[in-house]
Amino acid sequence: MGSNSIGWVRIGHQLEDLFRRLKQYIQTESFSNEEMIEGFMKIDYLQNQKHKPRKPWWDDKVEKQVRSHYYQQMLANPSIMGQAFEAEQLAEKELYKHTVLEILPFDYMYYKQTGQMNEKPSVLLAYYDQKANNTKLYSAPVEAFGLPVVS
């Protein structure tokens with residue numbers, strides 16, 4: 001199958017297009033750890049943005065009420081996300097306006113500290129700090145949070 005038959009030649013100039021193509025490629029190759037690869041792609045994409053992306057390249061699987069549930073717990077108990085996050089002292093408005101929340105299929109902080117994979121889901125929060133003009137990533141295992149109330 002030539003590269004042209006799946007439209008590789010017509011790739012756009014947006015970063016989102018590149019990531020969508022990478023995802024398509026990963027799906028066609030049938031990797032056993034597709035979810036893990038996609039998790040690292042999300043981290044790479046989010047940490048290299050200067051501003052909160054309007055429309056990420058992946059389908060948003062975190063429902064609004066679940067995302068809100070995590071945000072409320074971060075506001076009530078910022079230490080869940082670590083000392084550096086706690087020091088940010090983000091107000092509710094900033095949290096909703098300048099962050100992206102994503103659930104990863106592995107424990108990101110454990111990976112960062114040890115280089116080892118631990119297949120326990122974690123919450124990733126990318127904070128687009130407008131004053132410092134940089135992006136900060138925070139993470140905590142999903143199990144550190146109380147369970148969402150699903151109606």
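- Side-chain atoms of Q49 and V100, non-hydrogen and from C-beta on, never get closer than 4.5 Å to each other.
- Panel note: side chain T99, backbone L125; no donor-acceptor pair is recorded below 3.5 Å.
- Among residues two or more places apart in sequence or in another chain, the salt bridge (Lys or Arg N to Asp or Glu O under 4.0 Å) test is passed with D44 by none.
- Take Y96 and apply the ring pair (Phe, Tyr, Trp, His ring centres under 6.0 Å) test, not counting sequence neighbours, and it matches Y71.
- Within the model, atoms CD of Q113 and OH of Y108 stand 10.5 Å from one another, a figure rounded to the nearest 0.5 Å.
- Under a cut-off of 6.0 angstrom, the local environment of CD in E119 is sparse, with at most 12 non-hydrogen atoms contributed by other residues, nucleotides or ligands.
- For E88, the salt bridge (Lys or Arg N to Asp or Glu O under 4.0 Å) partners are K136, not counting sequence neighbours.
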Could you pull out all donor-acceptor pairs under 3.5 Å where a side-chain atom in residues 75-83 meets a protein atom, sequence neighbours excluded?
| from | atom 1 | to | atom 2 | distance (Å) |
| --- | --- | --- | --- | --- |
| N77 | OD1 | S79 | OG | 2.7 |

Trace of the side-chain contact (heavy atoms from CB on, under 4.5 Å) decision for K50 with N134: CA-CA 6 Å; K50 286 279 174 254; N134 66 7; 5.8 Å; no
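- With sequence neighbours excluded, the residues that form a side-chain contact (heavy atoms from CB on, under 4.5 Å) with K131 are E94, D129.
- No more than 12 heavy-atom neighbours from other residues, nucleotides or ligands sit within 6.0 angstrom of NZ on K93.
- For the salt bridge (Lys or Arg N to Asp or Glu O under 4.0 Å) test, residues two or more places apart in sequence or in another chain that qualify with K120 are E143.
- For the residue pair Q73/H69, the side-chain donor-acceptor check at 3.5 Å is satisfied.
- Taking the ring centroids of W58 and Y45, they lie under the 6.0 Å cut-off.
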Please tabulate, one pair per line, all N/O donor-acceptor pairs under 3.5 Å involving side-chain atoms of residues 32-43, not counting sequence neighbours.
| from | atom 1 | to | atom 2 | distance (Å) |
| --- | --- | --- | --- | --- |
| K42 | NZ | E102 | OE2 | 3.1 |

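- The minimum heavy-atom distance between L46 and T135, with the atom names listed, is O-CG2, 3.5 Å.
- Among residues two or more places apart in sequence or in another chain, the salt bridge (Lys or Arg N to Asp or Glu O under 4.0 Å) test is passed with K112 by none.
- In this structure, F19 and W57 have parallel ring planes: the angle between them is below the 30° cut-off, well short of the 60° mark.
- Atom OH of residue Y111 and atom OG of residue S139 lie 13.5 Å apart, to the nearest 0.5 angstrom.
- Considering CG of L95 and CD of Q72, their distance stands at 8.5 Å, rounded to 0.5 Å.
- Q130 CD to K97 NZ: the interatomic distance, rounded to the nearest 0.5 Å, is 8.0 Å.
- Under the 3.5 Å distance criterion, the side-chain polar atoms of S122 are left unmatched by any main-chain donor or acceptor of V142.
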Derivation of the side-chain contact (heavy atoms from CB on, under 4.5 Å) call for L124 and L101: CA-CA 6 Å; L124 178 75; L101 185 144; over 6 Å; no
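- Among residues two or more places apart in sequence or in another chain, the side-chain contact (heavy atoms from CB on, under 4.5 Å) test is passed with A87 by none.
- Remark: T114 engages Y110, Q116 in a side-chain contact (heavy atoms from CB on, under 4.5 Å) (not counting sequence neighbours).
- The stretch residues 118-146 participates, sequence neighbours left out, in these ring pair (Phe, Tyr, Trp, His ring centres under 6.0 Å) pairs: Y70-F145, F85-Y138.
- Listed by first and then second residue, the salt bridge (Lys or Arg N to Asp or Glu O under 4.0 Å) pairs involving residues 68-81 amount to none (not counting sequence neighbours).
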